[in-house]
Amino acid sequence: MANLSAEERSQLYFSIMLADIANKQKLYDVAQSNYFYAAEQTGSKELSSRAAMVALIERDYSNAIEATQLWIKSAPDDKNAYKTGLIASLAQGQQESANRYLSQLLPLLPDNADEKLYELLRMASFQEDADFIEFFDRNNQPLSSPYTATAEAYLRLKSSVPLKQSERIHQLLDYALEKRPNFLSAIELKGEAFALNSNEARREYLSNALKSNSLTIDQTYKIGELLYTQRNFGDALKAFDRVLDKRPSDKQTQFLEASSHYALEHYAQASELFWKLAQGDYKKDIASYYCADSAARIDDLVKAYSCYEMVPSGRYYMTARTELAQLYAENDLIKQAITSLRQAQREVGLDDRQRLLEFEINLLTQAGDYEQAERRITSALQVSPNKPFLYYLKLQLLNQTQSVTEFVASVKSLQQVTNEQQLKNDILLMATNFLQGRNSYLLAYQLLDDAVADDPDNVELLYGKAIAAEPLEYYSSMERDLRQVLKLDPDHYHAKNSLGYTLADLNRSLDEAKSLIESAYEHQPDNVAIQDSMGWVHYRLGNYQQALKYLEMAYKQDESPEIASHLGEVLWTMDLHQRAIDVWQKALRMAPNNQYILRTLRRFPEANLLGN
């Protein structure tokens, strides 16, 4: 720059500034030309590298190579310059030039084999115009470098058709491991190559690799990690034992060893190892939790209590506290269980506090201490009188302690406590669910019918009333209310599904039923109830294969009696009698008094499942 005039220096500074601005704004052609001009004027490594990289991004490979030559001239030992030149040459199909860059690059890469491979693979993934599989394939004819051989094997393994290239992949990796027996990445890739055929073959290969005395301790640890992730915990333990023999204070290895023992159900060993890790504050949350869990499984209750208490706030805290309380309760230490839950409630936020309170009240209810459960709910309602969650707990308790008549009276009293209409509705809807659970279908329906009379355009109440009508077989009322819901809320997919299913069940307006259910399915394809409806309407339409498809999909997620009754009926109609009987028998064992399954079986006496 000393030889430049003031005007030339001014132009140079302007070019650099313009290039930087253009680069930030992704105007790469402007950035590249100005960086290149500045690099030519100064011979700067930084400017020539920027010019080369911007040209590469722009796929301007000729200028990328020109800039790379300036870059190499100013920094002949910069490995990134040779990478850029190689990529640009390869993208232009200049194989010989790419070969020269590779031969200059390899000596500049790290001596460590795994790091050398990593750099080659990063380069190979930079630009899709450069076909590195073909490039490495040519370089590996004949095989001369374990690093390029392993790089080619990796790219073939990650291609869309690795199985078809299995023979070549094994050939490459066998060569690499012959030259470098402790080349960890090649060992790992060899395992992946075996996994193309079976995971068992991979496990066997890695287990055998572990027996090699040529592996360093770091490599042994890595093989142990691989075995661990593949759930080969027995061989992983051998690796971790070998590492700990040389590095007895290695906490991460101790942790993986403890986890392997836990996975193998060696709970005594796992508990002891997790205990030591937790005491040393290493991954204290998970170590404390699994110390407790392991100890509880072998009835080492003192250690289990202690470890649960050690779990700090965080990911495992809530689970630890509820499991601790449950463990106390199972061992007739209900007072300690409640004390522990109340202490935990002071340490967490509102949502978790509510969950812990619910758990506490459930424990009190299970223990028959209804009075204390009532006091806890009442106290909480005084602090937060408008929380639906607390009313749910209140109703749950009343449902367990009162007759149906008393429960209905209590529901009406609770509604009068609040002036919020939405909360009144929430209380009613929760209460009717409890009533239906007690088979008090008529009372539930009457409560909702009265509520809808007072608020005829309330979608929640209308839908609740429609659903309450179904077990009473008030189908006209149900259809009328569901159509009103859809008039008020055309996108209410639950109502679409319910109306579509009802029409299908009544075997009428099947085209409309199918359209409604399909609309609901489009919104929630994973919803089990909607899958069941899809199957049922196809059955009514005579599309048995489609019906079977959807009902099997639903049954896989939920083996409820209703779905079982539908699936069994379709199977029977398709002359798959034994499969139908198997499904129905399983449903009967689960729920021998369920009306869905009983009604279905009465229509198919040939199945002979109801006896006389």
Side-chain angles (χ1 to χ4, degrees), residues 216-229 231-349 352-353 355-356 359-360 363:
T216 67
I217 289 300
D218 286 338
Q219 290 168 336
T220 300
Y221 170 79
K222 185 63 177 177
I223 293 290
E225 265 194 330
L226 290 171
L227 290 163
Y228 179 88
T229 58
R231 304 186 66 79
N232 186 354
F233 301 112
D235 284 327
L237 274 175
K238 295 175 185 176
F240 299 142
D241 284 341
R242 193 181 300 177
V243 173
L244 289 172
D245 186 53
K246 298 293 184 182
R247 299 196 307 228
S249 300
D250 187 328
K251 299 294 186 186
Q252 177 61 15
T253 306
Q254 291 173 9
F255 179 81
L256 289 176
E257 184 169 58
S259 301
S260 298
H261 278 300
Y262 181 87
L264 291 167
E265 300 182 11
H266 302 161
Y267 297 122
Q269 296 95 316
S271 175
E272 186 61 28
L273 289 166
F274 281 128
W275 169 262
K276 290 177 181 177
L277 289 164
Q279 289 286 87
D281 288 334
Y282 184 79
K283 295 188 176 180
K284 189 167 185 175
D285 54 350
I286 188 170
S288 302
Y289 175 78
Y290 279 102
C291 168
D293 184 79
S294 300
R297 289 171 184 270
I298 55 173
D299 294 324
D300 186 350
L301 298 181
V302 173
K303 182 180 282 187
Y305 296 148
S306 298
C307 288
Y308 276 132
E309 292 283 1
M310 287 169 59
V311 176
S313 296
R315 176 184 171 190
Y316 291 89
Y317 185 75
M318 286 291 293
T319 304
R321 285 294 162 167
T322 53
E323 289 184 8
L324 173 60
Q326 188 65 47
L327 192 61
Y328 275 135
E330 287 172 0
N331 289 279
D332 299 323
L333 298 171
I334 191 69
K335 183 176 180 181
Q336 288 89 328
I338 299 305
T339 300
S340 175
L341 287 169
R342 290 181 183 176
Q343 288 173 345
Q345 287 173 50
R346 293 194 287 270
E347 303 293 327
V348 296
D352 286 340
R353 194 179 310 145
R355 287 171 54 202
L356 289 169
F359 197 87
E360 177 192 344
L363 279 186

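Quick caveat: nothing in here was measured; it's all calculated off a predicted structure. Below, each value reflects all heavy atoms present in this structure, side chains not excepted, and no hydrogens, waters or symmetry copies.
- Checking side-chain atoms of Gln343 against main-chain N and O of Ser340 turns up no donor-acceptor pair under 3.5 Å.
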Could you please spell out the steps behind the side chain to side chain donor-acceptor pair (under 3.5 Å) verdict for Gln252 and Tyr282? CA-CA 9 Å; Gln252 177 61 15; Tyr282 184 79; 2.6 Å; yes

Go through the steps for Ile338 and Arg342 under the test side-chain contact (heavy atoms from CB on, under 4.5 Å), then give the verdict. CA-CA 6 Å; Ile338 299 305; Arg342 290 181 183 176; 3.3 Å; yes

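- Under 4.0 Å is where a charged nitrogen must lie from a carboxylate oxygen, and between Asp241 and Lys238 no such pair does.
- Rounding to the nearest 0.5 Å places CG of Asp235 at 15.0 Å from OH of Tyr228.
- Within the 4.5 Å cutoff, side-chain heavy atoms of Thr216 are placed close to those of Gln219.
- Side-chain atoms of Leu277 and Lys251, non-hydrogen and from C-beta on, do get closer than 4.5 Å to each other.
- How far CG of Leu226 is from OG1 of Thr229: 5.5 Å, rounded to the nearest 0.5 Å.
- Contact annotation: the side chain of Tyr317 approaches that of Glu347 to within less than 4.5 Å [non-hydrogen atoms, C-beta and beyond].
- Rounded to the nearest 0.5 Å, atoms CG (Leu363) and CD (Glu330) are 9.5 Å apart.
- A donor-acceptor distance shorter than 3.5 angstrom exists from the side chain of Asn331 to the backbone of Leu327, with no hydrogens or angles considered.
- For the atom pair CZ of Phe233 and CZ of Phe240, the computed distance is 9.5 Å after rounding to the nearest 0.5 Å.
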Determine, step by step, whether Asp218 and Arg247 satisfy the salt bridge (Lys or Arg N to Asp or Glu O under 4.0 Å) criterion, reporting the C-alpha distance in whole Å, the side-chain angles of both residues, the deciding distance to 0.1 Å, and the verdict. CA-CA 10 Å; Asp218 286 338; Arg247 299 196 307 228; 2.7 Å; yes

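- For residues 304-321, the pairs satisfying salt bridge (Lys or Arg N to Asp or Glu O under 4.0 Å) are Glu309-Arg321, with sequence neighbours left out.
- Counting only distance, with no hydrogens or angles, the side chain of Thr322 and the backbone of Thr319 share a donor-acceptor pair below 3.5 Å.
- Pairing each heavy atom of Val243 with each of Asp250, the nearest pair is CG1-OD2, 4.3 Å.
- Residues Lys276 and Gln254 have side chains not in contact (no heavy-atom distance under 4.5 Å, counting atoms from C-beta outward).
- Judged by distance alone, with hydrogens and angles left aside, the side-chain atoms of Ser294 form no donor-acceptor pair with the main-chain N or O of Cys291 at under 3.5 Å.
- Taking all atoms of both residues into account, the shortest heavy-atom contact from Glu323 to Tyr289 is OE2-OH, 2.8 Å.
- Side-chain N/O atoms of Tyr305 and Gln336 include no donor and acceptor closer than 3.5 Å.
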Using the rule given for side-chain contact (heavy atoms from CB on, under 4.5 Å), can you reason through Trp275 versus Ser306, listing the C-alpha separation, both sets of side-chain angles and the distance that settles it, and then say yes or no? CA-CA 10 Å; Trp275 169 262; Ser306 298; 4.1 Å; yes

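- Taking every heavy atom of both residues into account, Ala337 and Ala329 meet most closely at CB-N, 4.1 Å.
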Enumerate donor-acceptor pairs with a distance under 3.5 Å from any side-chain N or O in residues 256-273 to protein atoms, sequence neighbours excluded.
from: Ser259; atom 1: OG; to: Phe255; atom 2: O; distance (Å): 2.9
from: Ser260; atom 1: OG; to: Leu256; atom 2: O; distance (Å): 2.9
from: His261; atom 1: ND1; to: His266; atom 2: ND1; distance (Å): 3.1
from: Tyr262; atom 1: OH; to: Asp293; atom 2: OD2; distance (Å): 2.5
from: Tyr262; atom 1: OH; to: Arg297; atom 2: NH2; distance (Å): 3.3
from: Glu272; atom 1: OE1; to: Lys303; atom 2: NZ; distance (Å): 2.9

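- Under the rule for a side-chain contact (heavy atoms from CB on, under 4.5 Å), the partners of Arg353 that lie at least two apart in sequence or sit in another chain are Gln345, Val348, Leu350.
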Could you give me the CA-CA distance, side-chain angles and deciding distance for Met318 and Leu356, then say whether side-chain contact (heavy atoms from CB on, under 4.5 Å) is met? CA-CA 8 Å; Met318 286 291 293; Leu356 289 169; 3.6 Å; yes

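- Salt bridge annotation for Asp245-Arg242: absent, with no cationic side-chain nitrogen under 4.0 angstrom from a carboxylate oxygen.
- Closest non-hydrogen pair, Ala304 versus Ala295, comes out as N-CB, 3.7 Å.
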Please walk me through it: do Lys284 and Gln279 pass side-chain contact (heavy atoms from CB on, under 4.5 Å)? CA-CA 8 Å; Lys284 189 167 185 175; Gln279 289 286 87; over 6 Å; no

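- Here the straight-line distance linking atom CD1 of Ile217 with atom CG of Leu244 works out to 9.5 Å at 0.5 Å rounding.
- The CG atom of Asp352 sits 13.5 Å away from the CZ atom of Phe359 when rounded to the nearest 0.5 Å.
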